[in-house]
Number of protein chains: 2
Amino acid sequence: MENNSPRLDPVFQALADPTRRAVIGRLGQGPATVSELAEPFSMGLPAFLKHITVLEDAGLIGTRKVGRVRTCTLREDRLAAAEDWFQEQRDLWATRYDQLDDLIETLKDTDDET
Amino acid sequence: MENNSPRLDPVFQALADPTRRAVIGRLGQGPATVSELAEPFSMGLPAFLKHITVLEDAGLIGTRKVGRVRTCTLREDRLAAAEDWFQEQRDLWATRYDQLDDLIETLKDTDDET
DNA sequence: GCTATTGTTCTCCATGTGGTGAAGTATTGG
DNA sequence: CCAATACTTCACCACATGGAGAACAATAGC
C-alpha cells in the first residue's frame, strides 16, 4: 500500500491557504468560472489565478476553457485521496495500541509468575 | 458548527512537508526525543528543530523537556480535528447532491405537467 | 569539576509564496 | 471592424521557508 498518494506535499500546501480552501468549498457546490470564483475576494485576478494554478497543479481541481471562459470543477476523488493519509496515521496508532495490549498481557504474565 | 478548527493554515502548512509527516508517522508509534526523531534525516539538528517547532506551533505535537532531553508526543486529537475539514467538505457535496435530487424531482414534476 | 551529550540560538543564504499593477491575448456582441 | 469581456502573462516586491554552519547553553556521567 505504501505511499501511493499523488504527492501529498503540493496537496497539503494547496490546502494551507484560506483562499484556496474557500475555492474548494465553493466548488463543492458545483463548477464555476474563474471570475465567479474570484468575485468574493479583494485581490486582483493575477493573484487569484495563481491560487487556481496551485490547486490545479496539486490535482485538487480540474479546469477547462471554452471560448474565453475557464470553468473549474472539484476533483473530489483527489481530495479523498489526501484524506486517506489521516487514515494511514490512525492505522499506525492502532498498531501502537496493539503493542500496548501486548505489553499489558506481558505484565499480566509477569504478575502471575510473581 | 462553523470554523471551530484550531487555525487550519498552520496545520496544513505543517503537513505539507515530508520530513514533518514522517515525524508524525514516527510519533504515531509512541513518544520520542528530538535526536531520536532527527536520526533518520540527513539534515542538521538546527534545521530539524525548526520542523519540530512548526509542528508544535501548529498544535500537532506536544513537547516536554526533562533534564537535557526534549520528548515529543503526537496530539492525535489535533490531527483528527484537521481531518474534520474533509468531512465538512463532503457535507457540502452532500448538499449539492441533495439539490440535484431536488432538481430531478422538479424535472419529474415538469414532465408530469407536460 | 571536566567532558561528552543534547539541545538551542545565531547569522546567513537560496528559493518559494502571495500579492501588486501594467500590458497583452482571445473571444463575444454590436 | 470595434469595443467590452475574461482571462493571461510579465515584471516586480515583501516576506516566509528550509537549509547550512558556528557558537552557546545546560545537563549527566565519571
Side-chain angles (χ1 to χ4, degrees), chain A residues 3 6-27 30-74 82, chain B residues 3 6-27 30-75 82 85:
Chain A
N3 207 348
R7 297 297 175 267
L8 284 177
D9 288 34
V11 173
F12 282 130
Q13 184 69 38
L15 295 178
D17 180 287
T19 300
R20 293 191 289 259
R21 285 198 307 278
V23 167
I24 288 180
R26 166 66 185 79
L27 288 179
T33 69
V34 170
S35 31
E36 278 169 2
L37 290 170
E39 190 270 333
F41 304 101
S42 55
M43 74 188 73
L45 257 188
F48 187 76
L49 237 282
K50 284 191 190 175
H51 288 299
I52 295 295
T53 306
V54 169
L55 285 168
E56 191 172 15
D57 288 350
L60 292 174
I61 69 172
T63 79
R64 215 188 133 186
K65 190 160 184 176
V66 178
R68 63 186 168 182
V69 175
R70 180 172 298 277
T71 304
C72 308
T73 54
L74 185 59
Chain B
N3 208 347
R7 297 298 174 269
L8 284 176
D9 288 34
V11 172
F12 283 129
Q13 183 69 40
L15 295 178
D17 181 288
T19 301
R20 292 193 290 259
R21 284 198 308 278
V23 168
I24 289 180
R26 167 66 186 79
L27 289 180
T33 71
V34 169
S35 32
E36 280 170 0
L37 290 170
E39 190 272 332
F41 304 100
S42 55
M43 74 187 73
L45 256 190
F48 186 76
L49 238 281
K50 284 191 192 178
H51 288 300
I52 296 294
T53 305
V54 170
L55 284 168
E56 190 172 16
D57 288 350
L60 291 173
I61 70 172
T63 81
R64 213 188 133 184
K65 190 159 185 177
V66 177
R68 63 184 168 184
V69 176
R70 179 172 299 277
T71 304
C72 307
T73 54
L74 185 59
R75 310 196 116 214
W85 180 82

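We use all heavy atoms of the structure for the numbers below, so side chains are in, but hydrogens, waters and symmetry mates are not.
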Query raised in the report: Using a heavy-atom cut-off of 4.0 Å to chain A, what are the terminal contacting nucleotides of DNA chain C, in 5' to 3' order?
Result: dG18(C) to dT28(C)

**Report entry** Minimum-distance pair of heavy atoms, taken over all atoms of A14(A) and A58(A)
**Finding:** CB-CB, 3.9 Å

Requested in this report: Looking only at non-hydrogen atoms, find the nearest pair between T73(A) and L27(A) and report the distance.
Outcome: C-CD1, 4.2 Å

Query raised in the report: Should the pair W85(B) and F12(B) be assigned to parallel (<30°), tilted (30 to 60°) or perpendicular (>60°) ring geometry?
Result: perpendicular

Requested in this report: Working to the nearest 0.5 Å, report the span between CZ of R20(A) and OG1 of T53(A).
Outcome: 10.5 Å

Query raised in the report: Nearest nucleotide by nearest heavy atom, which residue falls closer to the 5' end of DNA chain C, K50(A) or K50(B)?
Result: K50(B)

Report task. Please report the shortest heavy-atom distance between P10(B) and R7(B), naming the atom on each side. Result -> CD-O, 3.2 Å

Query - Non-hydrogen side-chain atoms of H51(B) and V23(B) separated by less than 4.5 Å - result: no

Query - Pairwise 5' ranking along DNA chain C for L45(B) and R68(A), keeping only the more 5' one - result: L45(B)

Query raised in the report: From D9(B) CG over to T19(A) OG1, what is the distance, rounded to the nearest 0.5 angstrom?
Result: 9.0 Å

**Report entry** Heavy-atom contact window of chain A on DNA chain D, given 5' to 3' at under 4.0 Å
**Finding:** dA4(D) to dT9(D)

Query raised in the report: When all nucleic acid strands are considered with a 4.0 Å heavy-atom cut-off, which category describes T33(B): base, sugar-phosphate, or nothing?
Result: sugar-phosphate

Query raised in the report: Just how far is it from atom CG of L55(A) to atom OG1 of T63(A), taken to the nearest 0.5 Å?
Result: 11.0 Å

